[in-house]
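Just below is one structure, and these are the notes that go with it.
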Number of protein chains: 4
Amino acid sequence: MMLKQRRLPAEERKIVIVRAAIDVFSESNYRVAKISDIAARAGVTDPMIYKFFDSKKALFVEVLTLTSRKTIEKFGIQNFITEDSLTNIENFRRVLKKMLLTYLSSMRKYRRELKIFYQAISEIDDPDIQQVIRGHYNNFASMIKPVFQQAVDKRILSGRLEPEMIAWDINGFMIQQNALFLADLYSERNADVLLTERMNSWFS
Amino acid sequence: MMLKQRRLPAEERKIVIVRAAIDVFSESNYRVAKISDIAARAGVTDPMIYKFFDSKKALFVEVLTLTSRKTIEKFGIQNFITEDSLTNIENFRRVLKKMLLTYLSSMRKYRRELKIFYQAISEIDDPDIQQVIRGHYNNFASMIKPVFQQAVDKRILSGRLEPEMIAWDINGFMIQQNALFLADLYSERNADVLLTERMNSWFS
Amino acid sequence: MMLKQRRLPAEERKIVIVRAAIDVFSESNYRVAKISDIAARAGVTDPMIYKFFDSKKALFVEVLTLTSRKTIEKFGIQNFITEDSLTNIENFRRVLKKMLLTYLSSMRKYRRELKIFYQAISEIDDPDIQQVIRGHYNNFASMIKPVFQQAVDKRILSGRLEPEMIAWDINGFMIQQNALFLADLYSERNADVLLTERMNSWFS
Amino acid sequence: MMLKQRRLPAEERKIVIVRAAIDVFSESNYRVAKISDIAARAGVTDPMIYKFFDSKKALFVEVLTLTSRKTIEKFGIQNFITEDSLTNIENFRRVLKKMLLTYLSSMRKYRRELKIFYQAISEIDDPDIQQVIRGHYNNFASMIKPVFQQAVDKRILSGRLEPEMIAWDINGFMIQQNALFLADLYSERNADVLLTERMNSWFS
DNA sequence: TATGAATGAGTATTCATTCAT
DNA sequence: GATGAATGAATACTCATTCAT
């Protein structure tokens with residue numbers, strides 16, 4: 001068991017602060033969260049926050065950026081869809097569905113990050129924040145598209161729907177399920193059925 | 001020549017305040033917007049706001065409630081889907097698509113209301129606000145469901161997908177397009193193609 | 001005896017605040033003085049200060065401006081030097097000396113204002129503050145000059161030294177005596193002797 | 001090629017810090033200047049400052065003291081007024097005038113130090129600072145007085161005006177010109193004319 | 001010796017809300 | 001009924017200074 005260290009190297013301290021920020025932001029929201037709460041949660045005093053971040057907003061943007069990166073890594077379609085799974089449409093379909101359901105079921109675990117991400121829409125007029133949000137959705141789509149492109153190239157998919165279109169459909173599906181989840185209106189069954197419908201459309 | 005009216009009947013003045021609130025909230029967000037800006041925009045003094053609303057939050061909730069009501073009225077599926085259009089699947093499909101596209105294209109006009117609605121997600125922990133949000137999505141689905149139920153009853157729809165499921169699919173589709181729209185990532189072509197795909201699934 | 005009024009018309013309240021500011025600024029200095037001290041002294045809360053002044057600096061500039069105006073009014077050379085006193089050099093000289101000595105002896109009474117004025121030199125890089133300071137010295141000189149010009153016109157003064165020059169000499173004399181006074185190095189006798197010397201030079 | 005020196009003898013490092021302090025204080029003022037800026041300018045870390053000075057104020061007082069000493073040395077009346085120049089009033093007068101004009105024209109070069117000195121007036125309530133200021137003016141006068149005393153002793157000056165009085169007149173003249181200079185109201189011509197007038201009074 | 005890490009204490013400014021008139 | 005006057009309560013951010021290593 002590690003006691004709380006009094007002095008930490010900068011790198012580690014920064015991580016501790018970001019983690020605290022995720023906690024505190026998600027427990028209320030960007031505007032309500034107080035720097036002093038974040039500091040307390042991180043076990044430091046307020047000024048330490050400002051050693052690493054120029055402002056509360058800069059910290060929020062960092063949290064957003066990191067969350068975006070982590071989400072996309074975690075989604076990690078490329079880890080699921082191996083060369084192997086692309087040899088055969090049934091394989092591809094099975095693996096894809098498993099992946100999407102896995103993602104959906106991870107919402108519960110990443111509710112905090114999810115909530116912060118949706119908070120950012122309230123601040124969408126801020127250029128820095130807008131950039132992270134748009135970057136995130138674009139990156140998400142960009143990660144998915146080539147997988148479907150490969151499937152088309154390998155003739156296991158008809159190409160009737162452009163890979164880009166499918167990518168944005170997946171993106172959109174996640175957005176809607178996330179939103180419903182945050183409003184406590186998420187239904188696993190609904191999500192499952194609707195996902196199946198969509199897959200039918202992608203794979204027809 | 002129109003002078004600023006000195007005295008307005010209470011009901012009208014309340015409407016003026018709510019309109020001002022929509023303007024001001026949407027120009028920044030619930031936390032940033034100032035009561036004094038809303039009052040100025042409405043042409044009243046700050047304390048007047050408190051004549052009509054107990055608090056800033058109460059005003060926000062009112063705006064939310066009214067916006068929800070208006071959105072649902074405007075969507076007005078019952079106005080589109082007449083008895084007549086339910087006699088024949090092609091009619092139904094055509095009218096439905098027209099309605100959904102109309103709604104999509106109205107996003108531009110109602111961007112202000114849309115933005116406020118998404119702001120509420122930052123405040124989802126507040127019970128009053130959560131209630132409006134959930135109520136809105138539920139009402140939206142409840143409005144759509146019976147139309148499809150009728151279609152099933154009238155045998156112009158197979159009933160393979162439950163009307164409730166379709167209702168939530170439509171609901172979700174709107175949520176995702178709204179979110180993309182607010183992030184300036186809305187693509188009319190994408191929306192159109194993906195909507196067509198979904199309709200195929202509902203009507204198969 | 002007047003009890004401290006709870007509610008005061010804006011005009012009066014502003015005066016109370018400015019007076020409090022003079023007290024508080026002079027008891028320490030512009031940077032050390034706290035808005036909350038000024039507010040407390042004025043018998044109001046901090047936000048009231050901001051109803052009248054945009055910032056602490058704005059309040060300081062107001063104090064400076066008012067002090068300048070008051071000082072110049074109080075010096076009021078035009079009140080001393082009447083048509084009458086300009087008929088004859090001895091009269092003029094006597095009245096002038098009396099006036100200057102009066103001013104010098106008023107330093108004690110106006111120490112607070114004096115101190116604030118010299119504080120401004122620490123802030124001379126601020127354009128607003130610089131403007132007040134320069135304006136003050138220029139106004140001071142501009143007030144004195146025409147009196148000596150009249151004396152020259154009326155031939156009771158030789159004009160060997162330009163009126164403008166004399167004006168700046170008086171101005172400078174006050175500056176030096178003020179500075180010494182603030183450093184507790186003021187000597188009435190010295191001031192008196194040196195003033196006599198200068199008058200000899202002006203009137204020769 | 002000069003690399004930043006890693007280790008400097010303590011005395012030199014102290015000098016470097018004081019120089020940096022003069023720069024930084026004069027660029028804003030005592031209250032606004034930051035220790036970290038001074039440290040950065042001196043090429044040391046913040047805590048190093050505290051190796052040499054107990055506090056920011058102590059550093060300011062040191063700067064003041066050194067500036068006072070340097071100013072007085074630089075004024076160095078004793079360097080100008082040699083035995084030789086005291087044999088004859090014309091010589092004395094010429095040399096004195098040259099010296100005072102030299103001092104005046106050096107204001108431009110020593111603006112930084114001058115500015116810091118006037119900043120101290122804002123802090124005149126601090127006993128340490130008051131002591132330096134008063135000490136400075138007193139030393140200044142004390143340096144000048146004996147020169148005129150000698151002139152009186154040598155009968156090249158009448159003694160009508162006591163040497164002490166003349167000393168304070170010179171002192172005051174410098175104070176006023178410094179103040180006008182800092183307010184950007186310095187006029188070389190005015191200074192020259194007024195100085196001549198005063199010399200007439202001292203030498204009559 | 002030197003410094004990176006850390007903080008105590010402070011403070012100008014903001015704004016929703018109240019209330020006397 | 002309407003408002004000008006007033007405030008309680010809050011909070012992001014700063015900086016001189018200390019101390020463990």
Side-chain angles (χ1 to χ4, degrees), chain A residues 5-14 31-39 42-59, chain B residues 6-10 13 30-39 44-60, chain C residues 5-14 17 31-39 42-59, chain D residues 6-8 10 13 30-39 43-51 53-60:
Chain A
Q5 310 245 164
R6 282 256 140 207
R7 291 185 159 232
L8 240 48
E11 201 71 3
E12 293 179 38
R13 186 57 86 201
K14 191 173 178 179
R31 293 288 169 179
V32 171
K34 286 178 278 179
I35 283 287
S36 61
D37 289 342
I38 296 173
V44 296
T45 51
D46 298 18
M48 280 305 290
I49 307 276
Y50 290 93
K51 208 191 157 183
F52 296 99
F53 303 97
D54 285 345
S55 64
K56 186 181 173 185
K57 200 197 83 181
L59 173 55
Chain B
R6 277 244 146 223
R7 282 168 168 263
L8 244 51
R13 174 145 295 177
Y30 169 51
R31 293 287 170 179
V32 172
K34 289 183 276 182
I35 283 285
S36 60
D37 287 342
I38 295 173
V44 299
T45 54
D46 294 20
M48 278 302 291
I49 306 272
Y50 291 92
K51 266 269 160 64
F52 295 97
F53 303 96
D54 285 345
S55 64
K56 188 184 177 185
K57 201 196 81 182
L59 173 54
F60 186 64
Chain C
Q5 311 245 164
R6 282 256 141 209
R7 293 185 157 232
L8 240 48
E11 201 71 6
E12 291 179 39
R13 186 58 86 200
K14 192 173 178 181
I17 289 173
R31 293 287 170 179
V32 171
K34 286 179 278 179
I35 284 287
S36 61
D37 289 342
I38 296 172
V44 295
T45 52
D46 297 19
M48 279 306 289
I49 308 275
Y50 290 92
K51 209 190 156 183
F52 296 99
F53 302 97
D54 285 344
S55 64
K56 187 182 171 185
K57 201 196 84 180
L59 173 54
Chain D
R6 278 243 145 224
R7 281 167 168 264
L8 243 52
R13 173 145 297 176
Y30 170 52
R31 293 287 170 180
V32 171
K34 289 183 276 183
I35 283 286
S36 61
D37 286 343
I38 296 172
V44 299
T45 54
D46 295 19
M48 280 301 293
I49 306 270
Y50 291 91
K51 266 269 158 66
F53 303 96
D54 284 346
S55 65
K56 187 185 177 184
K57 201 197 83 183
L59 173 54
F60 186 63

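Below, read A as the first sequence line, B as the second, and so on, with proteins coming before strands; counting in each chain starts at 1.
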What's the [atom1]-[atom2] distance between [X] and [N], to the nearest Å?
{"X": "B:Ile38", "N": "E:dT17", "atom1": "CD1", "atom2": "P", "result": "11 Å"}
{"X": "A:Lys14", "N": "E:dA5", "atom1": "NZ", "atom2": "P", "result": "13 Å"}
{"X": "C:Glu12", "N": "F:dA6", "atom1": "CD", "atom2": "P", "result": "10 Å"}
{"X": "C:Leu8", "N": "E:dT21", "atom1": "CG", "atom2": "P", "result": "12 Å"}
{"X": "C:Ile17", "N": "E:dA12", "atom1": "CD1", "atom2": "P", "result": "15 Å"}
{"X": "D:Arg13", "N": "E:dT3", "atom1": "CZ", "atom2": "P", "result": "7 Å"}
{"X": "B:Asp37", "N": "E:dT14", "atom1": "CG", "atom2": "C1'", "result": "12 Å"}
{"X": "D:Ile35", "N": "E:dG8", "atom1": "CD1", "atom2": "P", "result": "20 Å"}

* Any idea which of F:dG8, E:dA16, E:dC19 is nearest the C:Thr45 side chain? ->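 Selected nucleotide (nearest to the side chain): F:dG8.
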* **Residue B:Lys34, side-chain heavy atoms: nucleotide from F:dT7, E:dT7, E:dA16 that is nearest** => E:dA16
* To do: Please check the phosphate of E:dC19 (OP1 and OP2 only) for any side-chain N or O of C:Arg7 closer than 4.0 Å.
  =>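 Answer is no, no contact under 4.0 Å.
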* **Donor-acceptor contact below 3.5 Å, side chain C:Lys56 vs main chain C:Ala33** =>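 Yes; judged by distance alone, with no hydrogens or angles, the pair exists.
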* Asked: Sub-3.5 Å donor-acceptor pair from the side chain of C:Lys14 to the main-chain atoms of C:Phe53, do we have one?
  -> no
* Given side chains that start at C-beta, do those of B:Met48 and B:Arg13 come closer than 4.5 Å, heavy atoms only? -> yes
* Asked: Closest nucleotide of DNA chain F for C:Pro47 versus for A:Arg31: which of these residues is on the 5' side?
  -> C:Pro47
* **Gap separating the CD1 atom of C:Ile49 from the CD1 atom of C:Ile17, nearest 0.5 angstrom** =>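 With rounding to 0.5 Å, CD1 (C:Ile49) is 4.5 Å from CD1 (C:Ile17).
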* Structure fact -> Its dot-bracket string being built from Watson-Crick and G-U pairs below 3.5 Å, with | for another strand and [ ] for crossing, DNA chain F has the pattern .||||||||||||||||||||
* Minimum-distance pair of heavy atoms, taken over all atoms of C:Ala39 and C:Thr45 -> CB-C, 3.7 Å
* Asked: Can you list, by residue number, the residues of residues 48-58 of chain B that have a non-hydrogen atom closer than 4.0 angstrom to DNA chain E?
  ->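 Only B:Tyr50, B:Ser55, B:Lys56 qualify.
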* Between A:Glu11 and C:Val32, which has a closest nucleotide on DNA chain E that is more 5'? -> A:Glu11
* To do: Report which part of the nucleic acid B:Ala39 touches: base, sugar-phosphate, or nothing (heavy-atom distance under 4.0 Å, all strands).
  => nothing
